[in-house]
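Down below is the structure, laid out as structure tokens.
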There are 2 protein chains.
Amino acid sequence: MGRWQPDSRGRLQESALALFAERGFDQITAAEIAERVGVTERTFFRHFADKREVLFGGSDYLKELILEGVVAAPASDGPLDAVVRGLQVAAVLLGEGRRDLARQRQAVIRANPELHERELSKLADYASSVAGALRQRGATDVQADFAAEIGMTVFRLAMAQWVESNEDTDLPSVMQRSLADLRALTVDT
Amino acid sequence: MGRWQPDSRGRLQESALALFAERGFDQITAAEIAERVGVTERTFFRHFADKREVLFGGSDYLKELILEGVVAAPASDGPLDAVVRGLQVAAVLLGEGRRDLARQRQAVIRANPELHERELSKLADYASSVAGALRQRGATDVQADFAAEIGMTVFRLAMAQWVESNEDTDLPSVMQRSLADLRALTVDT
DNA sequence: TAAGGTGATGTCTGTTGCTGACATCGTAGT
DNA sequence: ACTACGATGTCAGCAACAGACATCACCTTA
């Protein structure tokens, strides 16, 4: 056995979510989370740039997934459709995770403006990367920006709907429906 | 003459923008801004809930404007069109302000992730309020959410374009064009 | 005109978020 | 066995806030 227990990072994430859910984000100090896991505050901040980041651990990986999906989209797809391919890839992964954990996470984030801010920021970052990928596929700047942003909106609203729906609804199809709703809106008189 | 110089709030805002532009957001302390204006750090934080807020002083007023525009939209307008009416109202106001100040502000915000986060958060808040107003007009939940979010996207991208364009481009028409671009995208195959 | 209320500010003090610099010590590679 | 390395601990310190209370020009009202 090593000098320390393994996977402090992962344990910090779990511990943080539990504590936040129980007592609220700003009632919990980084030191408290760290202590419960058996490390020091300093170690917490080595793993996470700031206290909020502990709730967004997998977001880099998710971003990669989305980008791969966009790149892999058939050339015949328009920009918006390509984005949706990427999001579908992400949706499949997220749809597999435990629904109650996702719900708990969403609840914590919605309850705190700072966390909500951070989430929006992550999405904006996805959008920016996705827009880059779309330009590589030949989209114009304006097309790329809009398609990416709209994609993130669809993603976000679909996630919100899914998390609150009952067990036998799957995320990919919720997203599909959201996209249809959106299209109906813009065509509206 | 009063015991203190008038309008500390406004003077703090000006001073902050200048300092941020000159040396960068995180190189400037709240105490420094306050000192330059002749008040204490404590007073700074009485006017602004946190350091970033000093750059978003007028946002409540802007939100009111947008909402009024939405409410005043003719009943025949679809949800998305109603949102755009509100945004046009805001655009007229913003288009009147000094272009160079807006540019400077944008530059400061774009240079700092925390500030960018805050800006997104403000927009999300607008979206949420606008969605509420749309529901009052009879839109469904889904329609309202999407229309509001898309509106903010149009707003944001149009602002970005406008700020970087040359003198004789006016914000309202840039927005109009952005909306057209968006509609073209969603109809795309 | 005297008395008291009000609002914006100053002062003081404390907590929390976060960081730099340096020490420690199992473990893997040579 | 030696060494380089990587994850962590330790310590010290700044900056972002927040609560509690004091101050004092100005306004109101009797």
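Every chain is numbered from 1, with letters handed out A, B, ... down the list of sequences.
Within 6.0 Å of the CD atom in Glu64(A), the count of heavy atoms belonging to other residues, nucleotides or ligands exceeds 12.
Nearest heavy-atom pair, Leu94(A) versus Trp162(A), reported as atom, atom and distance to 0.1 Å: O-CH2, 3.8 Å. Shown here for Val83(B) and Ala147(B), the closest heavy-atom pair between the two residues is CG2-O, 3.9 Å.
As rounded to whole Å, 15 Å separates atom P of dA23(C) from atom CZ of Arg3(A). Taking atom CZ of residue Arg46(B) and atom C1' of nucleotide dC12(C), one finds them 12 Å apart after rounding to whole Å. The separation between Glu41(B) atom CD and dG19(D) atom P is 15 Å, rounded to whole Å. As rounded to whole Å, 18 Å separates atom P of dA21(C) from atom CZ of Phe45(A). In this structure, Glu32(B) atom CD and dA16(D) atom C1' are separated by 14 Å, rounded to whole Å. Counting to the nearest Å, the P atom of dC14(D) and the CG atom of Asp26(B) are 18 Å from each other. The separation between Arg11(B) atom CZ and dT9(C) atom P is 9 Å, rounded to whole Å. Here dT16(C) presents its P atom at 18 Å from CZ of Arg42(A), a figure rounded to the nearest Å.
In this structure, the nucleotide among dG20(C), dC17(D), dA16(D) sitting nearest to the side chain of Ala30(B) is dA16(D). Distance from the side chain of Ser8(A) is smallest to dA7(D) among dA7(D), dG17(C), dG10(C).
Applying the 4.0 Å criterion to OP1 and OP2 of dA8(C), one finds that His47(B) has every side-chain N and O outside that range. One finds no side-chain N or O of Thr43(A) lying less than 4.0 angstrom from the OP1 or OP2 phosphate oxygen of dA7(D). In terms of phosphate contacts, Thr40(B) brings a side-chain nitrogen or oxygen within less than 4.0 Å of OP1 or OP2 of dG10(C).
Positionally, the nearest nucleotide of DNA chain C for Asp7(B) lies more toward the 5' end than for the other of Phe44(A) and Asp7(B).
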- request: Determine, stepwise, if the pair Arg52(A) / Glu119(A) fulfils salt bridge (Lys or Arg N to Asp or Glu O under 4.0 Å).
  value: CA-CA 10 Å; Arg52(A) 309 176 219 172; Glu119(A) 187 176 53; over 6 Å; no
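A donor-acceptor contact shorter than 3.5 Å links the side chain of Lys51(B) to the backbone of Phe25(B).
Contact annotation for Ala31(A): no contact, since no heavy-atom pair falls under 4.0 Å across all strands.
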